[in-house]
Amino acid sequence: MKRKAFIISIISMVLLLLIILLSVPINTNARILIKDKDNNEIAYLINANKSNLINPNEINEEYLSYILAIEDKDFYSHNGFSIKRIIKSFFSNITSNNAEGASTITQQYIKNTYLSNEKKISRKLVEIYLAIKLENKMEKNEILNEYLASIYFGHSIYGLKNAARYYYNKEIKDLSKKEMISFIALWNAPTIYSNNLEKWNKKKNQIAKILLDKRLIQSSYDEIITPIELNINTSYINSNRMFYIDQVINEFNSLSYCGKFNELITINTKYNPKTEVISKELDISYSIIGLDKTGYYTCCIGDQNYYKSSFNIAMNGIRDIGSTIKPILYYEAIKCGFENTTYISSPYSFTYKNKLTTITNSNSNYFNKINMRTALAVSDNIYAIKIHLNLGMYTLVNHLKKYNITSSPYPSLALGSVGMSLNHLARIYFQFFSEGYYIKPRFISSINGLKTVVSKEIINDISIINKIKLLLEAPFDSTIPHSTCGYLSYRLKDKCYGKSGLTDYDSYLIGFNENNLYAVWCGNINNNKLTNSTYKALPKELFIEAMNIN
């Protein structure tokens, strides 16, 4: 009977432990490494927080000794948790304010990465279980580096590398002893200390005194206890990169991928890090979409400064598209037999809904006789309106429905009075870039070696699409008087195709060479009119920068 009772007790304990383990949620997608087109790291996410991997040679042995002395002096000898630390911490909490806690570095890493901060016994038991499990999967130095990448440092900063760049504008290897010790102090209570330099400095000096007593900083002590001097760098990660990373994360979350405990999920992208140099500090918003021939995003710049506003205009901003609609209109014109149609280009008046409307060209250039190629080159409004009216205004309305764009049958539709995102517009132009494919682009090219698929379909006549592509040479043809992008051809490394667009509020240039497509927008997000000629021309300048870096 005793033996049977003992077996039942053991089984009950095992079942109870299993119930506890299964009841506590574990983030199995906790470690995500995002790479660029050259297989280099662009982001490392720990528990969905942007961090950076830390290489073993980035922190010298002396600084590691400070960390271990304060956080876990037995780190290299325990198996994930320490009964001795738990008992010692219990009595220390009663008798004093000791700097050493009950959790080992491994446990702290587990909590930061895989679990919530819930203060429950069940969570603590799972933490210990996973710490033991982790110790059997990773080397000690790996755990230590991962731990330093997982720590929160206040102000949405995660990881020692990002903290060094944000607070001191330095790399880890360049930190002084005082700066390194200030971080050891900071992660004890990051929200409090990062917002109160006096309290932070006091805590740093307490840590320094412990290290002095342990004979680790004897000769440097007087310098270390001097006041903290910060050199804040708010743009500690490149702004352009941050916009792209956000989109990668959004796409990954939509895939419902489920990893395993301690699995490093490697996400490959076609991100071009050279686009990080594209930057204009102007009092205006701009956004850029970049796509390669296979339909993957090479860049996604949502605005000029992520740290001022993380709203991604390229993906989410809905703006009237101006004259960039004209190639779409001319597709229908060619389809309906207007390919060789010519018109007189001069101020044109017509009656619409009992109201007389007059159309002019914004640049005041007119032609006695103009064909479709020249009309596209100079962005002639009269030609576009006459084509639109002769086709019947519902023709363009129905064409836009192919792209799930709702519009109204107004004369002004031929001049781009319809809203869509820059991303959506880039997808439409991708047809001309790829000889016919309308796609849903992707940020992620593979996850742990498993390739993703760009969904694509042909929804238009390829022969007409190719004719439009040839027409899109014209805006860059410097031999055509008043061509909108002719003067750019001398500054571009490769032959380009595309179309510019300008409204009272928005300026565009969408174009491509044989390898890359870039869609660029500029405007005031608050809908103030574009009056500055520099701002009107900004998409062309940014397009040149983007095209010439590849």
Assess the side chains of K37 and T298: does a donor N or O sit below 3.5 Å from an acceptor N or O? no

Decide yes or no for L134 and Y109: does some side-chain heavy atom of the first lie under 4.5 Å from some side-chain heavy atom of the second? yes

Just say parallel, tilted or perpendicular for the rings of W200 and F183, cut-offs at 30° and 60°. tilted

Test side-chain hydrogen bond (donor to acceptor under 3.5 Å, both in side chains) applied to K456 - qualifying residues, sequence neighbours left out: none

Can a donor-acceptor pair be found between the side chains of N47 and N112 at a distance below 3.5 Å? no

Are E263 and N448 close enough that a side-chain donor and a side-chain acceptor fall under 3.5 Å? yes

Name all residues meeting the side-chain contact (heavy atoms from CB on, under 4.5 Å) criterion together with N205; count only those two or more places apart in sequence or in a different chain, and write none if there are none. N201, I225

Does any part of the side chain of K270, heavy atoms only, come nearer than 4.5 Å to the side chain of R442, both counted from C-beta? no

With no hydrogens and no angle check, do the side chains of Y403 and Q431 hold a donor and an acceptor under 3.5 Å apart? yes

Within-4.5 Å side-chain heavy-atom neighbours: Q108 and D72: no

Under a plain distance cut-off of 3.5 Å, with no hydrogens placed, do D292 and T294 share a side-chain donor-acceptor pair? yes

Any donor-acceptor pair under 3.5 Å linking the side-chain atoms of T113 with those of E146? no

Residues passing the side-chain hydrogen bond (donor to acceptor under 3.5 Å, both in side chains) test with S182, sequence neighbours excluded, are Y168

Among residues at least two apart in sequence or on other chains, which ones pass side-chain contact (heavy atoms from CB on, under 4.5 Å) with N316? F311, N312

Heavy atoms from other residues, nucleotides or ligands near CD of E198 exceed 12 (cutoff 6.0 Å): no

Taking the side chain as every heavy atom from C-beta outward, state whether Y297 and Q247 have any atom pair closer than 4.5 Å. no

Do L422 and Y508 have side-chain heavy atoms sitting under 4.5 Å apart? yes

Among side-chain atoms of Y306 and N238, is any donor-acceptor pair under 3.5 angstrom? no

Just checking F443 against Y244, ring centres under 6.0 Å apart? yes

Test S156 against K50 for side chain to side chain donor-acceptor pair (under 3.5 Å), laying out the working first. CA-CA 9 Å; S156 301; K50 299 181 186 76; over 6 Å; no

Looking at residues at least two apart in the chain, or sitting in another chain, which of them share a ring-ring contact (aromatic ring centres under 6.0 Å, His included) with F512? F433, Y497

I need the N145 CG to S150 OG distance, nearest 0.5 Å. 11.0 Å

Please assess N268 against S445 for the test side chain to side chain donor-acceptor pair (under 3.5 Å), listing each intermediate value before the final yes or no. CA-CA 6 Å; N268 286 94; S445 58; 5.6 Å; no

Partner set under side-chain hydrogen bond (donor to acceptor under 3.5 Å, both in side chains) for E179, not counting sequence neighbours: K170, S176

